[in-house]
Amino acid sequence: MNKYAKGNSILEIGIGTGELLAVALELGYDVNAVELRQDRTQEIANMLSIAI
């Protein structure tokens with residue numbers, strides 16, 4: 001997928017607004033994410049159809 005890194009998986013720790021996850025999904029990466037703050041986590045998880 002990428003000439004700079006091997007593999008097709010991304011682990012994001014601290015998702016912020018979810019932009020990196022959204023772009024990674026568009027590029028075909030398998031994404032995993034961990035977030036301690038729960039205020040927007042469920043909203044972003046629903047929007048991207050992933051578990052956080």
**Item:** side chain to side chain donor-acceptor pair (under 3.5 Å) partners for Gln42, two or more places apart
**Value:** Asn46
**Message:** My understanding is that a hydrophobic cluster links ILVMFWY residues whose side chain heavy atoms are under 4.5 Å apart, including indirect links. Using that, what else belongs to the cluster containing Ile13?
**Reply:** Leu11, Val34
**Message:** Less than 4.5 Å apart, side chain to side chain, heavy atoms only: is that true for Asn32 and Ile10?
**Reply:** no
**Asked** Which residues satisfy the side-chain contact (heavy atoms from CB on, under 4.5 Å) test with Thr41, sequence neighbours excluded?
**Response** Glu35, Ile52
Can you list, pair by pair, the side-chain donor-acceptor contacts under 3.5 Å of residues 16-23, counting residues two or more places apart and other chains?
residue: Thr17; atom: OG1; partner: Glu19; partner atom: OE1; Å: 3.0
residue: Thr17; atom: OG1; partner: Glu19; partner atom: OE2; Å: 3.4

**Asked** What distance separates Ile44 CD1 from Ile15 CD1, expressed to the nearest 0.5 Å?
**Response** 4.0 Å
**Message:** Filter on salt bridge (Lys or Arg N to Asp or Glu O under 4.0 Å), then keep only pairs touching residues 36-52, sequence neighbours left out; what's left?
**Reply:** Arg37-Asp39, Arg40-Glu43
